[in-house]
Structure formats: structure tokens, C-alpha cells
Number of protein chains: 2
Amino acid sequence: MKISTKGRYALRLLLDLAEHKNDGYIALKDIANRQNVSKKYLEQIIPILNRSDILSANRGYQGGYKLAKEPDQYKIGEILKLTEGSIAPVACLDHDPIECERAGECVTLPLWKGLYKVISDYLNSITLQDLLDNQRELYINNYVI
Amino acid sequence: MKISTKGRYALRLLLDLAEHKNDGYIALKDIANRQNVSKKYLEQIIPILNRSDILSANRGYQGGYKLAKEPDQYKIGEILKLTEGSIAPVACLDHDPIECERAGECVTLPLWKGLYKVISDYLNSITLQDLLDNQRELYINNYVI
DNA sequence: ATTAATCCCACCAAATCACTAAGTTTTAAG
DNA sequence: CTTAAAACTTAGTGATTTGGTGGGATTAAT
């Protein structure tokens with residue numbers, strides 16, 4: 001029941017891009033250094049995000065990535081669903097309609113459906129911008145500003 | 001971000017015991033047959049539950065297991081925490097206080113704390129009895145009774 | 001032309017998952 | 001007192017996932 005590094009790093013990558021959204025294209029090298037994660041591993045995560053209209057990329061010299069939309073347009077749930085493959089707590093909820101033949105008599109199915117709902121409702125109620133705002137508050141509270 | 005078979009089977013095992021709570025000690029063999037899971041695998045899951053005051057066991061001929069308490073005294077969150085080891089969505093929340101040195105400046109920490117809260121609040125609001133009641137409703141709705 | 005970036009493909013070690021095997025111990029019934 | 005049937009214990013195991021690394025091809029600004 002853990003979010004993997006793939007999802008967590010993807011989130012930190014996008015947050016890093018959001019924090020530098022006015023600095024043009026940002027190279028993976030810089031993100032890797034700031035976030036202290038492997039650039040090679042980020043290279044593997046990026047194409048998952050790049051497929052959708054999430055990022056805009058520039059190849060070659062002075063290239064890099066930037067967000068395609070404003071930070072408040074990125075729901076955390078969408079990002080995690082892309083990178084984790086699914087945020088459903090049990091595999092049977094990954095297919096709609098449910099394929100499991102025991103579904104009709106399954107005593108635990110309503111439980112998993114409810115859990116899935118609270119998880120996705122929560123994650124889809126929060127955007128990258130919300131996380132940045134919270135961070136700003138933290139800074140203020142800690143007198144870092 | 002998936003609940004493993006360990007947690008899911010443990011839940012079904014306890015639900016099976018709850019459904020037969022007036023039938024004395026229930027053998028793993030019978031549970032395995034009814035739930036269509038491997039008895040050998042259940043033998044591996046049982047000791048996790050047996051440590052706490054969750055089950056009462058009887059060894060030897062005509063032995064088996066029964067619930068130590070009424071079904072409404074078992075919170076799903078507690079059962080899953082036991083069998084899954086933890087229901088926290090990220091490892092850093094498994095320790096209290098948080099050991100990660102980046103915690104103070106971590107932009108995503110409030111997100112994970114919030115997610116952890118909605119998950120555990122939900123799972124601790126539901127008991128084995130609730131799942132049984134829901135099942136009864138299903139039966140009524142489907143005219144199985 | 002050079003440099004610095006993305007992009008692409010393959011590989012790999014370690015951990016976890018989902019069991020299975022082979023027995024030992026305990027207890028009620030005959 | 002023997003026997004059958006259950007819980008209990010310990011170890012092993014194949015498949016999959018996780019969390020990366022390495023080597024190079026392609027692209028584009030200087």
C-alpha cells in the first residue's frame with residue numbers, strides 16, 4: 001500500500017518545474033541536482049508524463065522541460081494515476097466494469113470501492129499549486145522568508 | 001498502491017469466522033474451501049492475527065479458530081495495519097516522529113499526511129460487522145433471501 | 001563543428017509477492 | 001493407547017516489481 005518512487009519523483013519533478021515556471025526550459029540535470037535524485041532515473045519517468053499534454057520539451061543545447069499548463073491545472077490524482085499506472089487499492093477496480101466473477105457476492109468489494117473513492121476524491125481535490133501554497137505558508141511560519 | 005493478498009485474505013478469513021461465529025471452532029480447511037484460497041497460505045497469515053487478542057485457537061482434533069470478540073469490535077484499519085505492516089502511503093510516515101531530515105522543507109509531506117489521514121479515518125470507521133450488514137443488504141436487494 | 005541537452009533501449013541486482021513443502025506438536029475420539 | 005485431524009513451525013522458491021544504471025543516438029543552439 002505504498003506510493004512508489006516513480007510517482008513521488010514525478011511529483012517532485014513537476015513541483016520543481018512549477019517553482020521555476022518563469023525560467024524557460026529547465027534541464028533534467030538541474031532538477032536532479034536540486035531534488036537529489038538520479039538524472040538517469042528521471043529520464044525514465046519523464047516519457048510517462050510527456051505522452052499527455054503535461055509537459056513541453058525542448059531537445060538539444062539549452063533544452064529542457066517546462067509545464068504545459070498553470071500549476072493549478074494539475075491534479076495530484078491525475079499525475080499519480082499516470083505514473084503509478086493506477087491508484088486503485090485493489091486490482092479488481094482497475095477494470096470498469098469489474099471483471100471478477102465473484103463481484104456480485106464479494107463482501108469486501110463495497111469496502112474497496114469506498115476506499116478507492118476517498119483516495120481519489122482527496123488526490124483530485126489537490127493541485128500542484130496547492131502544494132506550492134502550503135509550502136509558502138510553511139516558509140512564513142518558519143520565518144525562512 | 002495496492003493492498004496485498006495477505007491483507008485481503010486476512011479480511012476474508014475474519015469475515016468467514018464472523019459469519020460462522022456461532023459454530024464453535026472453525027478449521028482452516030473449511031475457510032480455505034469456502035473462500036477458495038490455499039489453506040497453506042492461510043496458515044502463514046494466521047499467526048500475524050493470532051499474536052493479538054483477535055483470535056482464539058484450539059489445536060488438535062476438532063480444533064480451529066474463532067473470533068475473540070464480536071464482529072463490531074474489529075476495525076478494518078487495525079486488521080490491515082497488522083497484516084500489511086502499515087497502511088501509510090509513504091514510508092516516511094511509518095515512523096513517529098518522522099525521521100527524514102528533509103521533512104521540514106518537504107513540499108509533498110502535507111499531501112502524504114493528508115492522504116494517510118483520509119485512508120486511516122475511512123478504514124477505522126468500518127468494522128467487520130458493517131461489511132456483513134452491507135452483504136445482507138445486497139442479498140435482500142438481489143432477492144437471494 | 002561543438003556542446004549539451006533530450007530521447008531510446010537494454011540490462012541488472014535486490015526486494016517483495018504469493019505461494020508450496022515437509023515436517024512437529026497437540027488434542028479429541030475411538 | 002492408538003489414531004486421525006487439526007494447529008503450528010521453518011524453510012524454500014519461482015515470478016514479478018522496484019529502483020535503478022549504461023551506452024549510445026538524435027537534436028538544436030552557439
Side-chain angles (χ1 to χ4, degrees), chain A residues 1-13 16-17 20 23-33 35-51 54-68 80 83-86 88-92 94, chain B residues 1-13 16-17 20 23-51 54-68 80 83-86 89-92 94:
Chain A
M1 192 62 178
K2 291 275 187 286
I3 302 282
S4 74
T5 50
K6 234 177 190 170
R8 298 196 334 263
Y9 289 2
L11 223 50
R12 287 168 62 185
L13 189 158
D16 194 285
L17 288 180
H20 297 86
D23 303 352
Y25 287 94
I26 311 292
L28 271 194
K29 182 187 64 178
D30 298 331
I31 302 177
N33 285 340
Q35 300 294 325
N36 202 31
V37 300
S38 146
K39 179 195 155 201
K40 272 292 175 187
Y41 194 30
L42 288 185
E43 277 185 347
Q44 209 183 12
I45 295 171
I46 273 276
I48 306 172
L49 304 169
N50 221 354
R51 270 180 232 123
I54 282 186
L55 293 176
S56 129
N58 233 8
R59 300 181 66 167
Y61 191 86
Q62 296 281 54
Y65 302 93
K66 60 175 188 173
L67 295 185
L80 290 180
T83 48
E84 297 286 300
S86 153
V90 290
C92 65
D94 283 337
Chain B
M1 191 63 178
K2 290 277 187 286
I3 302 282
S4 74
T5 50
K6 236 178 189 170
R8 298 194 335 261
Y9 288 3
L11 223 49
R12 288 169 62 185
L13 188 158
D16 193 286
L17 288 180
H20 297 85
D23 303 352
Y25 287 93
I26 310 291
L28 271 194
K29 182 187 61 176
D30 298 331
I31 302 177
N33 284 340
R34 278 195 293 262
Q35 299 295 324
N36 202 31
V37 299
S38 145
K39 179 196 155 201
K40 276 291 174 192
Y41 195 29
L42 289 186
E43 277 185 342
Q44 208 185 14
I45 295 171
I46 273 274
I48 306 171
L49 303 170
N50 221 354
R51 272 180 230 121
I54 281 186
L55 293 177
S56 131
N58 234 4
R59 301 181 65 165
Y61 193 85
Q62 296 281 54
Y65 302 92
K66 60 175 187 173
L67 296 185
L80 290 180
T83 47
E84 297 286 298
S86 154
V90 290
C92 65
D94 283 337

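Below, read A as the first sequence line, B as the second, and so on, with proteins coming before strands; counting in each chain starts at 1.
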Nearest-angstrom distance from the residue atom [atom1] of [X] to [atom2] of [N]:
X: A:R51; N: C:dC8; atom1: CZ; atom2: C1'; answer: 13 Å
X: B:Y65; N: C:dT26; atom1: OH; atom2: C1'; answer: 12 Å
X: B:L42; N: D:dA7; atom1: CG; atom2: P; answer: 10 Å
X: A:N50; N: C:dA5; atom1: CG; atom2: P; answer: 17 Å
X: A:I3; N: D:dT18; atom1: CD1; atom2: P; answer: 11 Å
X: A:I45; N: D:dG20; atom1: CD1; atom2: P; answer: 8 Å
X: B:Q44; N: D:dA7; atom1: CD; atom2: P; answer: 15 Å
X: A:R8; N: D:dT18; atom1: CZ; atom2: P; answer: 12 Å

* So do A:I46 and A:L13 actually touch side chain to side chain, heavy atoms under 4.5 Å? -> yes
* To do: Check whether any side-chain heavy atom of B:L55 sits under 4.5 Å from a side-chain heavy atom of B:L17, and report yes or no.
  => yes
Considering only [options], which nucleotide approaches the side chain of [X] most closely?
X: A:Y61; options: C:dA28, D:dA28, D:dT21; answer: D:dA28
X: B:L28; options: D:dA7, D:dG19, C:dT6; answer: D:dA7
X: A:K29; options: C:dA18, C:dA5, C:dC8; answer: C:dA5
X: A:Y9; options: C:dT6, C:dC19, D:dG20; answer: D:dG20
X: A:Y41; options: C:dC7, D:dG20, C:dA29; answer: D:dG20

Would you name the heavy atoms of [X] and [Y] that are closest together and state the gap between them?
X: A:E84; Y: A:S4; result: OE2-OG, 2.7 Å
X: A:S86; Y: B:K2; result: OG-NZ, 3.3 Å
X: B:R12; Y: B:Q35; result: NH2-O, 2.5 Å
X: A:Y25; Y: A:S56; result: OH-OG, 3.1 Å

Between [X] and [N], is there a contact of a side-chain N or O with OP1 or OP2 at under 4.0 Å?
X: B:N58; N: D:dA7; answer: no
X: B:S38; N: C:dT20; answer: yes
X: B:T5; N: C:dA18; answer: yes

* Presence of donor-acceptor pair under 3.5 Å, side chain of B:R59 and base of C:dT25 -> yes
* Asked: Counting only distance, no hydrogens or angles, is the base of D:dG23 paired donor-acceptor with the side chain of A:K40 under 3.5 Å?
  -> yes
* To do: Under 4.0 Å between any heavy atoms, over every strand shown, what does B:Y25 touch: base, sugar-phosphate, or nothing? Just pick one.
  => nothing
* With heavy atoms under 4.0 Å as the rule, sort A:K39 into base, sugar-phosphate or nothing. => base
* Between B:E43 and A:P47, just flag the one whose closest nucleotide in DNA chain C comes earlier from the 5' side. => A:P47
* To do: On DNA chain C, check which nucleotide each of A:I26 and B:G60 is closest to and give me the residue with the more 5' one.
  => A:I26
